[in-house]
Amino acid sequence: MQKKLITVAVASALVAPGLAVAQTTAEVYGTINMAIGQFKYGEGTATQFVDGAVIPASVPGVAGVQSSVSKWDVSQGASNYGIRARESLGGGLAAWGQFEQNAPMERSNNIAITPASRNSAVGMQGGFGNVFLGQWTTPWADLDALWGIGTVGYWGPVTSIIGRRETTGTAPNPNCTNNGQGTVAGSVSCDAIEGAGGVGHPFWRRFSQAIFYQSPVMAGVQVKFAYQTDEGKATSTASTNADPSAYSMSVQWAGMGGRARVGAAYDKHKEYTSIGGSDTGYALKGGWNFGVVDVGFAYEIMKYKCVVMAPGVNGSLAAGCGDTGEIKAKQYGLAIAVPVGPGSIRASYSVAKDLEGPIGGAATLGAGGVVTTPGTHISDTGAKQYNIGYEHRFSKRTNVGIGYAKIDNKANAQFTWTGAPPNQQGFSNTPLFGSDVSTFFVSMTHRF
């Protein structure tokens with residue numbers, strides 16, 4: 001299907017005096033990502049085990065232990081469609097807008113399937129750069145395009161290992177309740193995305209209610225900045241007043257005839273894990289195309305602050321924090337793409353290191369929120385992911401691939417891919433703790 005383009009030339013007779021004649025283009029576009037394959041969930045447990053606990057043997061019928069399961073699935077990954085428009089205002093200035101949303105394709109009960117659930121914004125672009133308002137991927141997440149060349153279909157490391165460490169806390173905004181899973185009496189309700197660990201807290205997610213800036217590309221260098229406003233600020237809840245906001249920034253460079261690219265990013269998320277604390281992250285990503293092989297790399301560090309969330313006689317710690325302090329997450333990945341005729345062999349290897357710091361159950365807090373007894377500690381929270389496959393490019397818009405991908409979860413980890421089928425319990429696509437996840441698949445991607 002050819003792209004639908006609508007060009008409207010506004011007649012000068014209909015233009016108010018003093019206004020320039022403008023030209024507008026509008027486009028319907030989309031991407032369909034689907035795969036069929038055999039999916040396997042390894043043995044896992046329904047709960048995490050703290051340090052020193054004896055993990056029960058994998059025997060059928062033992063409480064908390066689930067046996068492995070293999071199943072066939074037709075899945076989809078980040079399929080989407082949208083409308084975008086652009087109007088030339090003269091003098092190199094243009095206005096633009098875009099609505100984009102997910103397309104479920106194989107399951108319609110996805111909570112993210114709402115209008116403008118993906119990159120959606122309105123902005124102005126000119127010699128000064130690009131400024132826009134709305135919801136968009138962050139400068140941090142944009143760097144994944146520099147290195148993520150080792151994935152066939154959508155079974156790869158980006159947003160499964162790289163960028164995806166949201167183990168600390170069940171709600172990014174301490175003011176959230178209901179969908180946000182908060183426990184503070186009198187706290188406000190949040191939408192499902194924000195409340196369930198969504199916008200602004202996990203480093204891979206988009207910012208919403210945000211302003212973005214992208215500089216012009218000069219000598220191969222571009223700077224990006226995004227600020228998510230403190231829409232969720234509260235000052236009159238019963239016991240918790242949070243002022244959550246976030247910003248993301250990056251600088252990236254491409255040169256050497258397009259062979260080299262590298263970028264660095266910094267994020268700061270204020271009062272999402274804990275009131276009075278800010279989560280921060282650093283990332284370095286890039287690659288080099290040698291001609292016979294394209295190589296990409298990624299390295300990132302995220303730091304989550306665990307502090308007393310509420311003042312008073314007895315304070316509280318964020319869920320997932322076993323004590324006050326800083327929880328640190330480190331991830332890294334390597335990717336390669338080897339051209340073979342009209343296609344390429346693609347492979348990736350990525351690692352999520354064990355979390356460092358006071359990760360675990362809640363501590364006992366005394367007067368003024370002082371920790372009197374440290375909480376439990378949880379180890380073995382890391383994972384490894386690898387994938388390999390061949391992708392054949394039939395045209396600029398259509399690819400078909402075949403491959404294998406696996407995530408080895410440690411005993412207290414549950415990493416997975418978006419688009420995975422339900423686990424052995426049948427009602428959640430989040431793996432059980434310690435359950436390895438793997439798939440043999442054939443994928444197809446079509447863009448229009």
Side-chain angles (χ1 to χ4, degrees), residues 1-12 14-15 19-34 76-106 108 110 112-139 141-146 148-149 151 153-154 158-159 205-217 222 224 226 252 254 258 391 393-400 418-419 443-448:
M1 173 181 172
Q2 295 294 323
K3 290 185 177 180
K4 295 182 178 179
L5 295 176
I6 304 171
T7 303
V8 179
V10 182
S12 58
L14 300 179
V15 178
L19 294 182
V21 176
Q23 187 178 61
T24 299
T25 61
E27 179 183 58
V28 178
Y29 68 94
T31 301
I32 302 173
N33 284 322
M34 299 202 73
Q76 72 90 24
S79 296
N80 62 85
Y81 60 95
I83 301 173
R84 53 189 169 215
R86 185 179 183 88
E87 181 182 28
S88 176
L89 302 176
L93 185 66
W96 64 272
Q98 177 174 301
F99 293 100
E100 184 178 290
Q101 69 184 63
N102 289 304
M105 301 302 296
E106 50 96 18
S108 61
N110 188 324
I113 309 303
T114 57
S117 57
R118 291 174 60 88
N119 286 354
S120 302
V122 62
M124 300 283 286
Q125 187 172 15
F128 54 85
N130 193 8
V131 178
F132 52 103
L133 305 172
Q135 173 171 282
W136 210 265
T137 51
T138 64
D142 286 346
L143 293 186
D144 286 324
L146 301 180
I149 42 84
T151 299
Y154 43 89
V158 176
T159 74
R205 280 196 181 272
R206 295 171 175 83
F207 278 2
S208 65
Q209 71 259 6
I211 181 170
F212 301 81
Y213 172 71
Q214 299 173 348
S215 75
V217 178
Q222 185 178 37
K224 297 182 180 181
Q252 61 187 72
E391 189 167 67
R393 187 177 185 183
F394 284 91
S395 69
K396 292 182 179 180
R397 297 186 294 150
T398 302
N399 299 336
V400 173
T418 300
S443 64
M444 180 173 180
T445 301
H446 180 70
R447 303 171 184 86
F448 60 89

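One-based numbering along the sequence shown. Keep in mind it's a predicted model, so treat the numbers as computed, not measured. Both backbone and side-chain heavy atoms feed into the values below; hydrogens, waters and symmetry mates do not.
Taking every heavy atom of both residues into account, A121 and W136 meet most closely at CB-CE3, 3.8 Å. Listed here is the closest heavy atom pair of S117 and N102: OG-N, 3.2 Å. Of all non-hydrogen atoms in E100 and N119, the two that sit nearest each other are CB-O, 3.2 Å. Considering all non-hydrogen atoms of both residues, S443 and G153 come closest at OG-CA, 3.6 Å. Counting all heavy atoms, side chain and backbone alike, V131 lies closest to Y213 at CG2-CD1, 3.6 Å. In plain terms, the two heavy atoms of P139 and A226 that are nearest each other are CD-CB, 3.7 Å.
Remark: A85 pairs with A26 by the side-chain contact (heavy atoms from CB on, under 4.5 Å) rule, at least two apart or across chains. With sequence neighbours left out, I149 forms a side-chain contact (heavy atoms from CB on, under 4.5 Å) with R261, D294, A335, A337, R346.
Between F132 and F212, the ring-plane angle classifies as parallel under the 30° and 60° cut-offs.
Of the N and O atoms on the side chains of Y81 and Q101, at least one donor lies less than 3.5 Å from an acceptor on the other residue. Side chains of Q135 and R118: a donor-acceptor N/O pair is absent below 3.5 angstrom, by distance only. The closest side-chain donor-acceptor pair between Q76 and Y154, if any, does not fall under 3.5 angstrom.
A donor-acceptor pair under 3.5 Å is absent between the side-chain atoms of Q222 and the main chain of Q252, judged by distance alone.
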Using the rule given for side-chain contact (heavy atoms from CB on, under 4.5 Å), can you reason through E27 versus I83, listing the C-alpha separation, both sets of side-chain angles and the distance that settles it, and then say yes or no? CA-CA 6 Å; E27 179 183 58; I83 301 173; over 6 Å; no

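The only member of N399, N33, T398 that meets side-chain hydrogen bond (donor to acceptor under 3.5 Å, both in side chains) when paired with T445 is N33. The residue from N130, D142, T137 that alone fulfils the side-chain hydrogen bond (donor to acceptor under 3.5 Å, both in side chains) condition with K224 is D142.
Note: M34 CE to S79 OG = 6.5 Å, rounded to the nearest 0.5 Å.
Both tests do not hold together for R84 against F99: distance to the six-membered ring centre under 6.0 Å, angle to the ring axis within 45°.
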